[in-house]
Amino acid sequence: MLANVNHIFYVIIWFQMASSNIRYGEGVTREIGMDLQNMGARNVCLMTDNNLSQLSPVEAVLESLVQNGVNYKVYDNVRVEPTDSSFKEAIAFAKKETFDIYVAVGGGSVIDTCKAANLYACHPDADFLDFVNAPIGKAKPITGVLKPLIAVPTTAGTGSETTGVAIFDFEKLKAKTGIASRAIKPTLGIVDPLHTLHMPERVAANSGFDVLCHALESYTALPYNMRSPCPPNPINRPAYQGSNPISDVWSRHALNVVAKYMKRAVNDAEDVKARSSMHLASVFAGIGFGNAGVHLCHGMSYPIAGNVKTYMAKGYNVDHPVVPHGLSVVLTSPAVFAFTASMCPERHLEAAEILGADVSNTKREDAGLLLADTLRQFLYDLKVEDGLSAVGYTKDDIPDLVRGTIPQCASATFLFHYMYYVSFLTGISCVCP
């Protein structure tokens, strides 16, 4: 009987917060060389992508490393929207050397790739699928100690500098999955808002949509004390625990910042205040969702990105078709929140009000429709592609999109089927006002 009581205690009472250390400020990147020196770095692995390797954020990091006499090697072949193959290439690079510290300079693609390289270089005998989320992978707990990782984010979107999550396209299934463990979160995130000034308009928009959905989804996620099972051993508990009182603070604040500054940040690359604020909002939302988790927008986004055919997103200098992560997430958001509002209508109304809606005469049962309409107008103002058909999908693609979604939550098969039919057959995800 006592064992049962203890199990109930774990389910109802506990949630756990985790986040990287964060340092914020204009020009703070110049301190990274001192940080590495203070950490006793002997051989640093710096990861970035081909585009960023020619831009000022990487230049600033390298200048600081040279000034402080830090030995380093650069891997600049990170793929935008990484795959299991591109992860493995980065892992192979990391295994060739004896790196004692990792530095990631870039957006979520770079930071996530660097997390994976660090993880598998420190577990050289592990199979690639050992730590990948179930049901695609084995989801084994990470018990070994990783090397320190410093993340220098250059987009205001993923929040990867704060989280123990690394996302990639699993090419065999044409769907995204990932690795989720507090063990892989960066040791330090250096958040320098000057690095966001280089982002093209559509990159700023799509990155911002990720912040928006991180905040909305984590704030409306199933509460931590309603989730089950909850493993008695803390090492087996997931990083994503459901909405909770601490994550709520970060998610709600991030949403307020998005409402105030995102349109300014997208429309004017020289608006330092707006771009800086969105960079911080990315951190806030990262702390929120990194502990609470996300739900349908992200769950359904993975096959939208993974099954891309010919769509080439504006503003991205890549040689392959790509539906950027933030865009793939936000396209379904009006349909999602129209559907989920019955679970917590007050939170949906609060979110709609933060985003500018008048909720004074709105009934609880209309919360989802109001938030959906508010989001639809928000997306229209930011010139978002009009639904999934605009990024190359038709009704014939529904089976593949459903198959790619189900692994994100195998117990919710009907829900995901239903949501895709809502999106395609009723047109509820259309962003036109």
Side-chain angles (χ1 to χ4, degrees), residues 22 24 107-108 153-163 191 193 195-197 199-221 243 247-269 271-298 301 324-334 336-337 340 347-359 370-384 431 433:
I22 296 295
Y24 172 84
T154 60
T155 60
T158 67
S160 187
E161 67 275 7
T162 71
T163 73
V191 183
H195 295 335
T196 67
L197 302 182
M199 285 192 297
E201 175 187 327
R202 297 325 299 167
V203 176
N206 293 329
S207 299
F209 294 140
D210 204 18
V211 181
L212 171 66
C213 288
H214 283 159
L216 283 172
E217 290 174 68
S218 56
Y219 193 55
T220 58
S243 61
S247 285
D248 287 350
V249 173
W250 295 100
S251 300
R252 189 168 49 234
H253 185 57
L255 189 59
N256 275 282
V257 177
V258 168
K260 185 174 182 179
Y261 289 108
M262 183 171 169
K263 291 179 184 178
R264 283 174 50 180
V266 171
N267 293 327
D268 183 1
D271 189 336
V272 177
K273 175 64 175 176
R275 291 253 168 145
S276 300
S277 296
M278 284 301 297
H279 212 187
L280 272 177
S282 177
V283 173
F284 301 152
I287 298 171
F289 96 86
N291 292 279
V294 286
H295 54 77
L296 284 170
C297 293
H298 273 77
S301 77
H325 174 63
L327 177 59
S328 70
V329 167
V330 84
L331 283 173
T332 62
S333 62
V336 164
F337 293 105
T340 58
R347 290 192 174 215
H348 286 68
L349 283 174
E350 184 180 1
E353 186 173 29
I354 289 171
L355 292 172
D358 179 3
V359 302
L370 178 63
L371 181 53
D373 286 343
T374 304
L375 284 168
R376 205 170 283 116
Q377 183 63 55
F378 191 82
L379 303 187
Y380 180 78
D381 291 345
L382 287 166
K383 304 173 185 176
V384 173
V431 301

Residue among Cys297, Ser251, Ser333 satisfying side chain to side chain contact (heavy atoms under 4.5 Å, CB included) with Glu217: Cys297
Out of curiosity, Asp271 CG to Lys263 NZ, how far, rounded to the nearest 0.5 Å? 14.5 Å
Value for NE2 (His195) from OG1 (Thr155), rounded to nearest 0.5 Å, stands at 11.5 Å
Parallel, tilted or perpendicular: which fits the ring planes of Trp250 and Phe284, with parallel below 30° and perpendicular above 60°? tilted
Compare all side-chain heavy atoms of Phe209 with those of Leu379 and state whether any distance is below 4.5 angstrom. yes
Could you tell me whether the side chain of Leu255 reaches within less than 4.5 Å of the side chain of Tyr219, counting heavy atoms only? no
Please report the closest heavy-atom contact between Ala285 and His214, naming both atoms and the distance. CB-CB, 3.9 Å
Can you see which heavy atom on Ala352 is nearest to which on Val359, and at what distance? CB-CG1, 4.4 Å
What closest approach, in Å, do Gly288 and Ser247 show between heavy atoms, and which atom pair accounts for it? O-OG, 3.1 Å
For Ser243 and Arg347, work out which heavy atoms get closest and say how close. CB-NH1, 4.1 Å
Do you see a donor-acceptor pair shorter than 3.5 Å between the side chains of Thr340 and His348? yes
Are side-chain heavy atoms of Lys260 and Ser277 found at a separation under 4.5 Å? no
Hey, are the side chains of Leu375 and Leu355 touching, using non-hydrogen atoms and a 4.5 Å cut-off? yes
Distance from Ile287 atom CD1 to Ser218 atom OG, nearest 0.5 Å? 11.5 Å
d(Met262 CE, Arg275 CZ) to nearest 0.5 Å is 10.5 Å
Does any non-hydrogen side-chain atom of Leu280 lie less than 4.5 Å from one of Val257? no
For a quick test of reading the model, state the closest non-hydrogen atom pair linking Arg252 to Ile354 and the distance between them. CG-CD1, 4.0 Å
Can you find a pair of side-chain heavy atoms, one from Thr196 and one from Ser276, that are under 4.5 Å apart? no
Taken to the nearest 0.5 Å, the spacing of Glu353 CD from Leu371 CG works out to 12.0 Å
CG of Asp248 to CG of Asn291, rounded to nearest 0.5 Å, is 11.5 Å
Gln377-Asp373 side chain donor-acceptor pair, cut-off 3.5 Å: no
Determine whether Asp210 and His298 satisfy the following criterion, side chain to side chain contact (heavy atoms under 4.5 Å, CB included), listing intermediate values before the conclusion. CA-CA 9 Å; Asp210 204 18; His298 273 77; 3.1 Å; yes
Val266 and Lys383, any side-chain heavy atoms less than 4.5 Å apart: no
Any idea which heavy atoms bring Thr158 and Phe289 closest together, and the distance? O-CE2, 3.5 Å
Any side-chain heavy atom of Glu161 sitting closer than 4.5 Å to one from Ser282? yes
